Structure formats: structure tokens, C-alpha cells
Amino acid sequence: MGIKGLMKFLQDAAPKAIREIDSQQAYTGRLMAIDASMCLYQFMIMIRENRSGSYQNLTNAEGQETSHIVGMLSRTIRLMENGIKPVYVFDGKPPELKLGELAARRQKREQAEANLQAAVEAGNAEEVLKSTKMTTRVTKEHNEQTKTLLGLMGVPVVDAPSEAEATCAALCRDGKVYAAATEDADCLTFGTKVLVRNLMAAESQKKQILEVSLERALEQLNISMDQFIDFCILSGCDYCDTLKGVGPSTAIKLLMQHGTIEKVIEEL
DNA sequence: ACTCTATCGCGAGACGAG
DNA sequence: TCTCGTCC
DNA sequence: ACCTCGCGATAGAG
């Protein structure tokens with residue numbers, strides 16, 4: 001849904017829903033759902049020959065890219081060494097409702113491709129690198145190769161019917177995993193009971209691991225899950241046009257006032 | 001002066017050696 | 001603790 | 001028929 005500042009909103013409006021975690025060790029023995037597509041994008045963008053000058057991904061003897069393999073392997077091993085049991089969730093078909101948003105992204109990518117062309121001709125290395133990152137894609141093959149790797153490692157893989165985040169949330173809601181480890185706050189909207197942020201970044205980037213409890217967030221906001229979903233839709237999501245001038249702050253006020261999204265719309 | 005929203009540009013790994 | 005180079 | 005997202009800065013509306 002892409003609620004812009006959902007995490008920030010929760011930090012202000014429901015701070016008790018967020019807990020600071022000391023280290024990865026806190027999740028030893030636990031199953032954690034992870035959005036694989038997100039990881040792959042990061043690996044493909046960041047794992048490159050070298051930062052100054054060249055912008056090529058790592059490749060094997062046949063010229064196939066291997067950055068995603070290297071990244072996924074080392075990250076997963078680190079998790080396993082800490083006793084964490086990752087469950088990787090792969091994206092399925094994008095939801096119909098998101099097509100508009102995707103078209104916009106494609107537009108931007110085409111722009112970046114043009115920029116890349118220009119930067120190459122101008123010999124501007126910095127611009128070339130930047131544009132290259134913006135045009136990076138994860139292909140079906142990258143996904144399949146990664147699934148093979150994880151399968152060989154004995155790590156469970158789940159194919160989501162549609163959005164990976166939604167399936168991560170469903171796994172948590174149904175008690176299959178302890179939490180969804182993601183930076184995407186929308187996972188809460190999809191009903192994940194527990195969301196863990198910065199699980200990977202904590203060590204390498206000195207970030208604090210944060211655990212968000214959906215139940216406590218609802219308690220503190222004093223709304224039901226249905227109202228929370230309505231709140232997220234009102235705040236603006238990828239699935240429909242936004243209401244002009246309505247963000248999180250206004251959305252929560254309207255909802256407290258009228259109770260449901262239907263009543264809110266009637267009043268407008 | 002202040003609060004909230006809309007838009008745009010940018011960034012995204014992990015490890016060991018020194 | 002930080003920067004830098006390597007990972008294929 | 002090629003599928004990820006968040007953040008901060010900044011400008012503008014009310």
C-alpha cells in the first residue's frame with residue numbers, strides 16, 4: 001500500500017508498540033519470514049565489481065550474473081549461524097490494482113535508461129553508476145536460481161500468490177513463523193502480528209533492531225484491525241487514488257470521528 | 001508561525017585485512 | 001573503529 | 001508481459 005510514513009506515525013502515536021532488541025541472538029530458534037524479492041534487488045544493485053569506476057555485477061565463466069547468489073548465500077549463512085530459521089517468500093503476480101503504480105515505475109526506469117545512455121557517451125562514471133543502479137532489474141531467472149540455492153541449503157521457500165509482503169504477514173498471522181523481518185510497514189496492514197526491522201542491518205550498519213507488535217499498536221491507537229486497514233487506505237496506498245489533502249494525521253482523526261471508511265466517505 | 005501533505009531524488013551487502 | 005578491496 | 005521498497009529535503013496548501 002505504500003503508506004508513506006507509517007513507521008514514523010507509529011513511533012509518534014503508538015510508541016509502546018515498538019520494542020528495541022539487543023541483537024539477532026534474540027531470535028535464535030525462531031522462524032522468520034523474509035521477502036526474497038526485496039533482498040535480490042539489494043544484492044543486484046550493491047554487489048558489484050568495485051565502487052569506483054566499474055559497475056558490472058559479479059559473473060560466472062559464462063557471463064551470467066552471480067551477485068544475487070553471493071549475497072543470498074552469505075546473508076542466509078549469517079542468519080543460520082545465529083540459529084535463525086529464515087523462510088523466504090517470493091513475489092507472485094502483481095495485483096491488478098497496482099498496475100497503475102507499476103506503469104509509473106516503468107516510466108522512471110525508461111528515463112533512467114536514457115540517462116544511462118547519455119552518461120556513457122559523456123564518460124561520466126558517477127552518473128553511469130547511478131543510472132545503472134536505477135535500471136537494475138530482477139529477472140525470473142534470478143528468482144529461480146535463488147530458489148535452487150535455498151533448496152540445496154535446506155531453507156524453506158514459499159511462492160506467494162501475489163505480493164510477498166502479504167504472504168509474509170499471513171504466515172505470521174497463522175502462526176507458521178514468529179515474525180516478518182522486513183522494512184515494509186505495509187506488512188502490518190496485511191496483518192502480521194510481529195514485524196522486525198533492521199534485522200540484517202543491525203550489525204553491519206549499526207542500526208537498532210526494532211520489533212513492532214500489531215496488537216499493541218491497535219491497543220494504543222484504540223482502534224480495531226478493520227479500522228486500522230481503513231486508516232491505511234485513507235492515508236494513501238498504491239491500490240487507489242489518494243484523497244487529496246488526507247495523510248495519516250487526518251485519516252486517524254476522520255476515523256475516530258466516523259468509525260468506518262464508508263461513513264467517512266459519506267461525509268465528504 | 002505551524003502542521004500536514006505531496007513530490008522528487010537518492011539509496012539499498014557482507015567480510016576480512018590493514 | 002574506520003576505510004578499502006574482494007566476492008565471480 | 002521484466003514483479004522490491006523507504007527516507008529526507010523541500011515546497012506548498014490550509
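All values below were derived from every heavy atom in this structure, side-chain atoms included, with hydrogens, water molecules and symmetry-related copies excluded. Below, chain A is the first sequence line, B the second, and so on; all start at residue 1. Owing to the predicted nature of the structure, the values given are computational and were not obtained by experimental measurement.
- Between A:K16 and A:E215 no salt bridge is recorded (no basic side-chain N to carboxylate O distance below 4.0 Å).
- Shown here, D:dT4 forms a base pair with B:dA12; the pair counts as Watson-Crick or G-U wobble because both key distances fall under 3.5 Å.
- Summarising the geometry, the separation between CD on A:E101 and P on B:dC8 is reported as 12 Å, rounded to the nearest angstrom.
- Between A:R106 and D:dA1 there is no side-chain N or O to OP1 or OP2 distance below 4.0 Å.
- Nearest heavy atoms, A:H68 versus A:L40: CB-CD2, 3.8 Å.
- With its glycosidic angle more than 90° from 0, B:dA1 is assigned anti.
- Nucleotides B:dG16 and D:dC3 are separated by 36 Å at their P atoms, to the nearest Å.
- Rounded to the nearest Å, the gap between the P atom of B:dA17 and that of C:dC8 is 16 Å.
- Nucleotides C:dC4 and B:dA12 have their P atoms positioned 15 Å apart, rounded to a whole Å.
- Atom NZ in A:K207 sits roughly 13 Å away from atom P in D:dG6 (whole-Å rounding).
- Comparing A:L102 and A:R197 along DNA chain D, the residue whose closest nucleotide (by nearest heavy atom) sits nearer the 5' end is A:L102.
- Of the candidate nucleotides B:dA14, B:dC4, D:dT4, B:dA14 has the atom lying nearest to any side-chain atom of A:M200.
- Distances shorter than 4.0 Å separate some side-chain N or O of A:S204 from OP1 or OP2 on B:dA14.
- Taking for each of A:E183 and A:K93 the nucleotide of DNA chain D with the nearest heavy atom, the 5'-most of the two is the partner of A:K93.
- Among the atoms of the strands shown, only primed sugar atoms or phosphate atoms (P, OP1, OP2) are found under 4.0 Å from some heavy atom of A:Q205.
- Of the residues near DNA chain B, A:M134 and A:E81, the one whose nearest nucleotide (by heavy atom distance) lies more toward the 5' end is A:M134.
- One interatomic measurement links the two molecules: CD of A:E163 to C1' of D:dT4, which rounds to 10 Å at whole-angstrom precision.
- Within 4.0 Å (heavy atoms only), A:T59 reaches at least one base atom of the nucleic acid.
- A:K206 comes within 4.0 angstrom of the backbone, heavy atoms only, and of no base.
- Other residues, nucleotides and ligands contribute over 12 non-hydrogen atoms within 6.0 Å of the CZ atom of A:R109.
- Comparing D:dC2, D:dC5, C:dC8 by their closest approach to the side chain of A:N60 singles out C:dC8.
- The shortest distance between the side-chain N/O atoms of A:R75 and the OP1/OP2 oxygens of B:dA14 is below 4.0 Å.
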Query raised in the report: Given the rule in the side chain to side chain contact (heavy atoms under 4.5 Å, CB included) test, do A:L116 and A:K130 qualify, once you have shown the distances and angles that lead to the verdict?
Result: CA-CA 8 Å; A:L116 175 58; A:K130 200 200 291 179; over 6 Å; no
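- Remark: the A:E49 side chain and the C:dC7 base include no donor-acceptor N/O pair separated by less than 3.5 Å.
- Taking side-chain N and O atoms only, A:R48 has no distance below 4.0 Å to OP1 or OP2 of B:dA14.
- Regarding contacts with the backbone of B:dC10, a side-chain N or O of A:K130 is found under 4.0 angstrom from either OP1 or OP2.
- Taking atom CD on A:Q42 and atom C1' on B:dC10, their separation rounds to 14 Å, with Å as the unit.
- Atom NE2 of A:H142 and atom P of D:dC2 are 16 Å apart (whole Å).
- At a threshold of 4.0 angstrom between heavy atoms, the contacts of A:G71 with the nucleic acid are absent.
- For the C1' atom pair drawn from C:dT1 and B:dC15, the interatomic distance equals 15 Å after rounding to whole Å.
- Among the nucleotides B:dA14, D:dC2, B:dA12, the one closest to the side chain of A:M46 is B:dA12.
- Looking only at atom types and distance, the side chain of A:E113 has no donor-acceptor partner in the side chain of A:S131 under 3.5 Å away.
- The nucleotide B:dC4 finds its pairing partner in D:dG12, both defining distances of the Watson-Crick or G-U wobble pair being shorter than 3.5 Å.
- When the C1' atom of B:dC10 is taken as reference, atom CD of A:E127 falls 11 Å away, rounded to whole Å.
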Query - From CA spacing to verdict: salt bridge (charged side-chain N to carboxylate O under 4.0 Å, His left out), A:R216, A:E219 - result: CA-CA 5 Å; A:R216 274 186 231 160; A:E219 268 173 33; over 6 Å; no
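- At whole-Å resolution of the value, CD1 in A:I34 and P in D:dT4 are 19 Å apart.
- Regarding contacts with the backbone of B:dC15, a side-chain N or O of A:R78 is found under 4.0 angstrom from either OP1 or OP2.
- When each of D:dT4, D:dC3, B:dA12 is scored by its nearest atom to the side-chain atoms of A:K140, the top-ranked nucleotide is D:dC3.
- Positionally, the nearest nucleotide of DNA chain B for A:S249 lies more toward the 5' end than for the other of A:S249 and A:M38.
- Between the CZ atom of A:F228 and the CD1 atom of A:I233 there is a distance of 11.0 Å, given to the nearest 0.5 Å.
- Following rounding to the nearest Å, A:Q107 (CD) and B:dC8 (P) show an atom-to-atom distance of 12 Å.
- With A:Y55 as the aromatic partner, A:R48 does not meet the cation-pi criteria of under 6.0 angstrom to the ring centre and within 45 degrees of the ring axis.
- C:dC2: Watson-Crick or G-U partner is B:dG18, with both key distances under 3.5 Å.
- For A:T66 and C:dC7, the shortest distance from a side-chain N or O to OP1 or OP2 is not below 4.0 Å.
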